[in-house]
Structure formats: structure tokens, C-alpha cells
Number of protein chains: 2
Amino acid sequence: MEDWHETFDVVVIGSGFAGLAAAIEARESGASVIVLDKMKAPGGNSVISDGGIAAAGTALQKKYGFDDSPELMYEDMMKAGMGLNYPELVREVAERSNEIFQWSIDYLGVEYMDRVDHFGGHSVHRCYTAANRTGATIINRQVEKAKEIGVEIRLGVCLRSFVLDPEGNVAGVCMLDGYDYRDPTRGSDLFIKANRAVILATGGFGSDIPFRTSQDPRLTERIDTTNKPFATAEALKETLRIGATPVHLSHIQLGPWASPDEKGFGVGPVFSDYVVFLYGVVVDPATGKRFINELSDRKTLSDALLKIGHPCIGIADSRAVDSQGWDLGPGLKKGVIKKFDRIEDLAAAYGVPADELKATVERYNSYVEDGTDREFGREVLPDASPIVQPPYFGMRLWPKVHFTMGGVQINIRAQVINLDQEPVKGLFAAGEVTGGVHGACRLGSCAITECLVFGRIAGRNAAGESPVDSLKAPT
Amino acid sequence: MEDWHETFDVVVIGSGFAGLAAAIEARESGASVIVLDKMKAPGGNSVISDGGIAAAGTALQKKYGFDDSPELMYEDMMKAGMGLNYPELVREVAERSNEIFQWSIDYLGVEYMDRVDHFGGHSVHRCYTAANRTGATIINRQVEKAKEIGVEIRLGVCLRSFVLDPEGNVAGVCMLDGYDYRDPTRGSDLFIKANRAVILATGGFGSDIPFRTSQDPRLTERIDTTNKPFATAEALKETLRIGATPVHLSHIQLGPWASPDEKGFGVGPVFSDYVVFLYGVVVDPATGKRFINELSDRKTLSDALLKIGHPCIGIADSRAVDSQGWDLGPGLKKGVIKKFDRIEDLAAAYGVPADELKATVERYNSYVEDGTDREFGREVLPDASPIVQPPYFGMRLWPKVHFTMGGVQINIRAQVINLDQEPVKGLFAAGEVTGGVHGACRLGSCAITECLVFGRIAGRNAAGESPVDSLKAPT
């Protein structure tokens, strides 16, 4: 075999929600554990998540009087996933969601805001938000806990390849030590042996333009992403090279609420997603006309924008903005959102034919008054009002890649499954690098739940001499 | 290297439309060529195709006065594919469709029916049907021509693995000689060297339950297929194992017009697809109620049936049947379609609550009279009539897997593309084993066009010492 430089029982690749949950669980199960991350700081893309986590049947739901059940959460996730989800994985996430949420509070010490939200696609209020509205709140607690119990976290080491034993089982990894993503030719080989197993938790590939374009040719460099630039596919590709089954790779979630005038998730979506889509209009600047029911789901809206082929304009008036109470200050300051006294001024600023735009707004206003959108069948919300109250707000809209539903196939033990539908011995995976949990479309706030549930399952099973039946015992 | 048993310039795996087109073109380009097929007869799944081929700008269209263009065909295919298609591959198919159709007549000697049809999803009449309404008409001409020009066709040999040279290029294949799909443990290794290239043309995986279920978990053994039982994924999986990029594997086309009371495509669809969906109703036997706009596209209808979870009942009256002029004789004889004097009898036969069913039919009839379907927004066709004329016809409906849109990635030279987005040297592919041409959904009759176009491109390029720019020269 190889000349190993180091040996651990369990080797975890990736230090986001899933990787750290796996590492903690493996260590708590008695294994020696190292977490390897290619970046210079731990947490991966998880640190820029908004920290929203879904769970069914929680104490917080009971406190606020919301009825919920794992069965209902399962159904919501399956519906969003258009039936492509792996039912047994979805069930695992839904049934363990309350346990994992409580674990994050009791064991990790994560603090959440004292509220329960109702995110799109969920049947009930079941979404919680980590303090400071960021995934970093959870990651910080995970890092602390991991270090406290003796998990080593090593940074700046990137997966180069898996090392297989003569039977084809994963025996360890070859890492590139001293990795710098701006110059990936640097660094030296570091061979680390895994006595028990390797856990893949390397996240999605939203920033990997060549790979994502091979799966959805529309997602060229013209489409930005809400992800960090290092959300790339090299570890996923290595896993495919050793025969893992690819699942749902072409199902890539786009955010239609994004602005091309800022990087990443940005400050614009609070206007587009919470005001425009509910109480405003979206027009094609080339025609000044609407082209879609603005209350459609993310996928429908994003597909419609891509079909138009250039950024479109979201518009709402100040009555709508004021009624929702969101602070547009940061967006206005950044120039992502603009404010105008007259529709004509807005039209001029965005290069929209003014007469057409005024006619569109008048037509839309008549639908609001009649209570029915005769053009696109959009629901007129009870508190909707015509767009008549200056100042008027505008924002350019162009989708960004937000989440990659696909990845390697796993079973409910988080074992990676090969092309012959058998587990790859010595290899587990969890989180966005896996496919199947979300099917064709992820429901907002279910990703952190998935990462923590399957991270822990992967850690528990990887640490065992033989696979155990997932997380059955309460912990 | 290996001890090669035999050597050819070009080795083609698969003897369907694509494989034979590739073999013929490679031979015409001067290469020595062998075609290998695992079955005991040539033609693969192509022989049970209905022989429909789409082409834009043909002499037959001109004869019947239909205006068309490759650009319009391109747009139709992109629209059906929901934008996931590789634009450059679609353009190649559309632009070469007339040339390839004419080639099949002039060079192969294929006879077509003297008609141009308008299949669903196409903007114009552009679909032609091979004589005897079967793909076997084309396959027979291809086999004759291939033999005539010196292509060897060898049967009962199944791909076991690719043989790579030290640089990782495909140097040849290891075949299982004496293959029998009912007992795949039999047979012995046969190493065949490819001086120039191997061409993969092994078709789709519609009959491979483990593999298709990994991509769409709904498609268990409860779902039949219109494909032959040997339409399995072993060659596709071998190609993924050597690092080919998987494309769109989870996009699997189902036929909603199929009956669970017969195998394969069967004789029922002529009733369901051409009468019921246009002029009848589909009801859930558990409720006696409609649940979908029956004129929806294939995917929407199939998804709705799968969501119901059990076979549903398609119903039409004899006025609708007579007006369409299709012969239901074979379906009635086989018991796939049944005839009843009264709606009550039909309800009893299929276990539908009779009162509910009668109410559903009456409600539907009122929509026909009003010209608007107030429940599901289905278009009321100009020649629609209420369901009142006995006898009444019924048929059980349950989707079948029909076509697998996904496969390995290729470029416009038909070179297989690896995970780093570079061509795999020595390996070409064409037909259903590739992904990208049809995106999320294949338009009916475009598969044969694709197979012939990319089969010829693969053959031409595989035969060349260096890749040439596809089929640019008229032939």
C-alpha cells in the first residue's frame, strides 16, 4: 500500500454543517477524528447560510401553537422535490428533525431567535433562525465543541484522490497539503489513512461553472451564484471516478430574487422576494410588459427569467414597501434598489419604454381592483393595493445559482452507493455533496436539517466497526 | 498491454440506429469496422420503434405545402427540453435532419409512408414514418448496407470493460463472448483492439430497474417499460467508471398512454392517446373523479398518475371513437380496452363508484357544452362532444418507461467528455446512451434523427486519424 503520513480512525473531508456534525458524532462514538478543509478557515459555504433550519414537532412550535408532524414535513419535502426524492432519506430527515434541532440547542449550545417562521413550500410554521441570522452561529458552536472533545481540524488541505485497498474499499485519502484555491498547482501530497472510514462532506458545486454547465447548459458565467467561489466539484468528481452513483446532478436551484448589481446573496432579495413578488410587478425592460405570475415558485420564476435572456425589473410602490416593514436602506445605499418619484423616471433609469410600462402598471392595478389577474392568473393577496403611491422602487432581477440538489447516492446509513447499487466500503457522505434528499427542488431551510441529521448518521456509522442502524438511540 | 484477440480500426458497441449509422460511415471513410451486439439479433431496441423520424425542410414537406426550418425544429426541441438541452447538439440534429432523412432514402434505400404528420410538441408537420410503421424497416436497410460494404456484425458479445492505454485513452474493449442476458455469468473474455476508436451506441436503460430507480425512485418494478428487457445500463455504467460525465440521468420519459394489462407499448395507446386524452376523461377509480387536464403533456400526465399511485381509467364514448377512425379491434380482443353499454357497467367492471362516475361524466359534459373546463382548464376541442353515446369504452392507464434522456456527455464531434470536460481519447458515442440532445424531455420522433445524425458523426470522426469537424461536407 501507500506510505501513510498519518492515521486516524475517521477522516472527514469538509468542515461545514455536515462535516462537523459527522466529526463530533464519530468522536463521541470513540473514534480518533480529523477534519480536513481546503480553505484557510473552517465552515465552508455554511458560514454564509442565513441559519434557517426546519424541524417538525418542536417545543418552539408548541409554544406558539403550531401543529406539525414529521409526516407533514415529509410530504412537503416530497411535493417540492416533485417525487424524485429518495423517500427513505426524506423520512430520516423529517423524523429526526426535532431531535437534531434540540441537539443543536442542548448539546451544541446554539441560540435561535424566539420565533417560528413559515417559509414558502412548507405547510406550516416550522422554520427557525439561528441567532444573528447566520449559519456562522451554528458553525462556531460546532467548531468549539469539536475541538473541546478532541477532534483535530486541519485547514488548507484539499482532496486530491481516494486511496483504495486491493478490494476497492476506501482506505484513506491523498490530500494536497498547502492548498490555495487561487493557485491549485501549489502544495504537496499528504497521505492520511482512515482505519475505519472516510466521510465526504464537501458541499455543493454552485460555483463550478464547467461542471454545473455540463448539467444545466444555461448556467454559464453569465449566471452568478450566492455561494462562495470555492463551492466547486473536485471532490464530487473524485467520488464519481471511484464509481459512486451520480444522483440528480442536473437539478440545480436558482434564486430568482437575486440582483446582478451585487455579488452573492446580497441585500436586494429582501425587496424582491418579500415585496415585489407579493405586491409588485416584474417587467421585461425590452417590452415594458409582465411575462409571469410573480408569485410562482423559485424554479418557474428563474426559468422564465432565463428564457427572457436578460435581467428584468422588479417594481413596487411605497405603500407596499411600508406595509411590509423591511429596511431597504442597505439596498438603496448600495444602488441595488433605486427610488423614483415617477414611473417615467424609473422607466428611463432602466431603459424601459415608459408608455408601455405605464400601461402595464395600469393594467396590473385594474387586476388588483377586480381581484383577479386576467393575464397571468396570479393570486391577488387580501392586502394588495394598486401601484400608485410614490416613491416607486425598482431593482434588476437575474437568477443566481443557490443550491445543487444532486450529488452522490447514499443510503439511510449515509454509505456512498456505487453504480452496482452496493455500498462503497469505507466511504460515507452527508450534506450538499449527496443527492436524493431534496429531489428536483429543495425546500428552504431543509438543508441545515439534512446536514446535521446525515452528518451525525455518517459519523456514528463511520466510527462503528460495523455499520449500525443509523441514529436510532436518542442522544 | 493486453493480448488482443482481434484488431479493427473502429469497434462499434451496439447495433441499433446509431451503431449501424456509425459503422457504415466509418467503413465508408475507409476504416475496418466491427459491430458488436450482446443480443442474438441485430437492431437492439430500435426494431420495436414505430419508425417515426423528424426532419425540417424536406421534399415531402414541400410536396404537401408545409413550411419549416431547422431553426424552428431547434426551437421546438429546446422548448420541449425545458432549456436543459445542449444547444450545439440540438442545432446539429436540426440542421442535419433533412440531409440525414434524404440519406436514409437515397443511400440506405429506406421507404417511408407518403405522409407528413404533426406530432405533439412540434410546431409543424415534420414527422415521417418508415414503411410498415416500424423501426425494423430502417434497421433492415442499415444491416444490409453495412454487410454490403464490408462491416462485420457479431452477435452475442457484451461489453465487459474498456481497455485503457497507459495514458488513459481507450485502446479497445474486453467483451463477454457467448453472452446470454438470462444468464450473464456465462461467456468468455474477448479482447478486441481498436486501432482508431471505440464507438458506444448501446442505447437507453429503460429496463434497468436498479439503475433507473437510483435516478428516479418512483420507477420501481411497479412501472413497466415499452423497451425490450435488454435495455439496461451496463455499458453506460462502464463508461461512467472510466470517468465520462453523466448528463441528465434522472430525466426519464414515461408514456402516460400505456396499459398495465399488456406488455410493452401495446395496442391500447391508440385509444388512450388519440381518443381519451382528446375527447374523453381519465378518472381515479378510488373516487370516480377526474384529477388532471387530460390534454397535458406526457410528463405532467405521467407524474399525475404516479401521484395517484394506482392505475386510473380512461373513458370515451363511441361517437369520439368513431370520429377518429382508429381500429380498436386488437385492444378489445386482447381485453386491454373494454366496451360497455352503460356507464354503470363500466364503473362496476373497473371498481369505480358508479354515482360518482356518472356525476363526473355529467360535469364534464356540461364543460363541453359551455366550451370551458371549469375544473382543470382543459381546452375543449372544436370537434369535442359530450360523452353520451353508447357503447362506452374503458382502458386502465399506468405509465411505462419509454425513453431515457440522460447518458454520457458528448460534444458535436460525438466525442465522449470526461469529468474534467475534456474528450476521452479513442471513445465516441451516439444515440440514447448519450445525454444532452433532448434535455429534460424528448420530442416524439426526434430520437431516430438524433441516432442517425450523431451515429454518422461518430463514425466519420472515429475513422479519421484526427477528429474532423463533424459532417460538414454534404455526402
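Throughout, protein chains are lettered first and strands after them, A, B, ... in sequence-line order, and every chain is numbered starting at 1. All values below come from the heavy atoms of this structure, side chains included, with hydrogens, waters and symmetry mates left out. In this text the structure is predicted, and so the values were computed from the model without any measurement.
Taking every heavy atom of both residues into account, D208(A) and E234(A) meet most closely at OD2-N, 4.5 Å.
Heavy atoms of S214(B) lying under 4.5 Å from chain A belong to its backbone as well as its side chain. Of the atoms belonging to Q421(A), it is side-chain heavy atoms, and not backbone ones, that fall under 4.5 Å from chain B. Of the two parts of N85(B), only the backbone, made up of N, CA, C and O, holds a non-hydrogen atom closer than 4.5 Å to a non-hydrogen atom of chain A. Within the 4.5 angstrom heavy-atom criterion, atoms from both the backbone and the side chain of L84(B) approach chain A. Interface remark: Q409(B) contributes side-chain atoms only to the contact with chain A (heavy atom separation under 4.5 Å).
Most heavy-atom pairs under 4.5 Å with chain A, from the set R218(B), K307(B), K237(B): that is K237(B). Put simply, of I242(B), D216(B), N418(B), L306(B), the one with the most heavy-atom pairs under 4.5 Å next to chain A is D216(B). When each of P246(A), G435(A), A244(A) is checked for heavy-atom pairs under 4.5 Å with chain B, P246(A) comes out on top.
Ion pairing between R298(B) and D303(B) fails under the 4.0 Å rule for side-chain N and carboxylate O. The pair E450(A)-R442(A) does not count as a salt bridge, with every side-chain nitrogen at least 4.0 angstrom from each carboxylate oxygen.
In terms of modelled atom types and a separation under 3.5 Å, the side chain of W398(B) and the main chain of R222(B) share a donor-acceptor contact.
Between L219(B) and the choices I252(B), T225(B), I209(B), the side-chain contact (heavy atoms from CB on, under 4.5 Å) rule is met once, by I252(B).
For an aromatic pair to be called close, the ring centres must be under 6.0 Å apart, and H251(A) with H251(B) satisfies this.
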